[in-house]
There are 2 protein chains.
Amino acid sequence: MRISAKADYAVRAALELAATEEDTSVKAEAIAAAQGIPHKFLEGILGDLRRGGLVASQRGGKGGYRLARPADTISIAEVIRVVDGPLVSVRGVRPPELSYCGPAESLLPLWIAVRANVRKILGEVTLAEVAAAELPGDVLGLAEDPEAWTNP
Amino acid sequence: MRISAKADYAVRAALELAATEEDTSVKAEAIAAAQGIPHKFLEGILGDLRRGGLVASQRGGKGGYRLARPADTISIAEVIRVVDGPLVSVRGVRPPELSYCGPAESLLPLWIAVRANVRKILGEVTLAEVAAAELPGDVLGLAEDPEAWTNP
DNA sequence: ATTTTCCCTACTGGAAAAATAGGGAATGAT
DNA sequence: ATCATTCCCTATTTTTCCAGTAGGGAAAAT
């Protein structure tokens, strides 16, 4: 299960915007520099976010990007979906479109359960919370377990 | 977050073996036919599983594959790790190797939490449970929620 | 008018995923 | 001993998608 560079970059860019005062715009170049993201690649991502209705843009001298909605109303899941499509997929298709037979039949509910669990986390955490380093209690609980940081 | 064809195939192949009586071997071709997996591709995957110590093989006329350990001691996570490496990665690297700065700093514990949650499910569910269509209670609970089956 | 910045299209290089091909080595049956 | 079967290994192909690049056009401010 791999999270793409695009999704990672998109979330980080959105976090930079979330950390800015409302109604001030940030230039793509500034975001790129702050987060170490290739400038032109980031421009494409910001375009996706704009078309997805998550950010607004302004051209010209004092131009730049800002969030289209308050940071505490945008979940991490939303950001990822806008740039990457479905949050979880198996062989490129969404779990509900899969069909298994024989002893593999219960694999479908298993993938569904995994997806539900991922959704629960990424869907409840907002840009505001991550930017302020104030993750919800249940998420913090998971992340604080030292076991969660060990490798295999 | 995408689960590869290889991981999906590997789990399904392992489930076919789990559904067989112990100490009887199944030919690669039979598994391929039962699950609709390209034969030669599957042979490579079975080779990985063997080198990973999850299946044993036998050549010749009555040859084939069987699980190297009881099906209730092999988790889905183990199968995926053997063929695909790390269960969860961001831009190809494991979460603990990542480093974020500025407002993105709390992104790391978030990915860790996601990974912990995925591990909890795929690490506790065994081949025996899936093959017998008897998922653990907590997993079933997640999968039974109708909300979990809706698309976005 | 000029500078700045977003915006759009195309495209490229490369890696990884998915699958194929062909033959060598072990095993069991005849 | 021979033969069919099946796993085993290496290499190659084909495809797809990811990540990044390039160049210029359109809007806005100064």
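Worth knowing before you read on, the calculation uses all heavy atoms, side chains too, and leaves out hydrogens, waters and symmetry mates. On a predicted model such as this, the values are computed, not experimentally measured, just so you know. Naming convention: chains lettered A, B, ... in sequence-line order (proteins, then strands); numbering from 1 in each chain.
At the heavy-atom level, B:K27 lies under 4.0 Å from the strands shown only through sugar-phosphate atoms. Within 4.0 Å (heavy atoms only), A:G44 reaches no atom of the nucleic acid at all.
For the ring-ring contact (aromatic ring centres under 6.0 Å, His included) condition, the pairs that include at least one residue of residues 4-35 of chain B, sequence neighbours left out, are B:Y9-B:F41. For residues 67-96 of chain B, the set of pairs meeting the ring-ring contact (aromatic ring centres under 6.0 Å, His included) definition, not counting sequence neighbours, is empty.
Whole-Å rounding puts the B:L17 CG to D:dC7 P distance at 11 Å. Across the protein-nucleic acid pair, B:I45 atom CD1 and C:dT20 atom C1' stand 14 Å apart, rounded to whole Å. What separates CG of A:L46 from C1' of C:dT5 is a distance of 12 Å, to the nearest Å. One atom, CG of B:L49, and another, C1' of D:dC8, lie 14 Å apart when rounded to the nearest Å. Whole-Å rounding puts the B:K40 NZ to C:dG22 P distance at 10 Å. For A:H39 and C:dC7, the NE2 to C1' distance is 11 Å, given to the nearest whole Å. In this structure, the CD1 atom of B:I37 is 15 Å from the C1' atom of C:dA17, given to the nearest Å. If you take CZ of A:R66 and P of C:dT5, they are 17 Å apart, rounded to a whole angstrom.
DNA chain D is contacted by both A:E43 and B:E29; B:E29 maps to the nucleotide lying nearer its 5′ end (nearest heavy atom per residue).
For A:E124, the side chain to side chain contact (heavy atoms under 4.5 Å, CB included) test picks out A:P136, A:D138, A:V139, with sequence neighbours left out. Looking at residues two or more places apart in sequence or on another chain, you find a side chain to side chain contact (heavy atoms under 4.5 Å, CB included) between A:E78 and A:L54, A:R69, A:I74, A:S75. By the salt bridge (Lys or Arg N to Asp or Glu O under 4.0 Å) test, A:D72 pairs with no residue at all, sequence neighbours left out. For B:S4, the side chain to side chain donor-acceptor pair (under 3.5 Å) partners at least two apart in sequence or on another chain are B:D84.
Here the nucleotide nearest the side chain of A:R51, chosen from C:dC8, C:dC7, C:dG22, is C:dC8.
Within the 4.5 Å cutoff, the side chain of B:I80 has no heavy atoms near those of the A:M1 side chain.
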Base-contact (B) and sugar-phosphate-only (S) positions in nucleotides 11-20 of chain D, heavy-atom cut-off under 4.0 Å, - elsewhere: --------SB
Please output the side-chain donor-acceptor pairs of residues 21-33 of chain A that fall under 3.5 Å, not counting sequence neighbours, one pair per line with the distance.
residue : atom : partner : partner atom : Å
A:T24   : OG1  : A:E21   : O            : 2.6
A:E29   : OE1  : A:H39   : ND1          : 3.4

Under 3.5 Å, which donor-acceptor pairs link side chains of residues 145-152 of chain A to any protein atom two or more places apart or in another chain?
residue : atom : partner : partner atom : Å
A:D145  : OD1  : A:E147  : N            : 3.0
A:W149  : NE1  : A:A143  : O            : 2.6
A:T150  : OG1  : A:E147  : O            : 2.8

Acceptor/donor pairs from residues 94-107 of chain A side chains to any protein atom, 3.5 angstrom cut, sequence neighbours excluded:
residue : atom : partner : partner atom : Å
A:Y100  : OH   : A:W111  : NE1          : 3.0
A:Y100  : OH   : B:D8    : OD1          : 2.6

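A:T73 places a side-chain N or O within 3.5 Å of a backbone atom of A:P70 that can act as its donor or acceptor partner. A donor-acceptor pair is defined here as one N or O able to donate and one able to accept, closer than 3.5 Å; such a pair exists between the side chain of A:R12 and the backbone of A:Q35.
Of the side-chain N and O atoms in A:R50, one or more sit less than 4.0 angstrom from OP1 or OP2 of C:dC8. Distances shorter than 4.0 Å separate some side-chain N or O of B:S57 from OP1 or OP2 on D:dC8.
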Between protein and nucleotides 28-30 of chain D, what N or O pairs are separated by less than 3.5 Å?
residue : atom : partner : partner atom : Å
D:dA28  : O3'  : A:Q58   : NE2          : 3.4
D:dA29  : OP1  : A:Q58   : NE2          : 3.4

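Applying a 4.0 Å cut-off to non-hydrogen atoms, none of the residues of residues 96-104 of chain B approaches DNA chain C.
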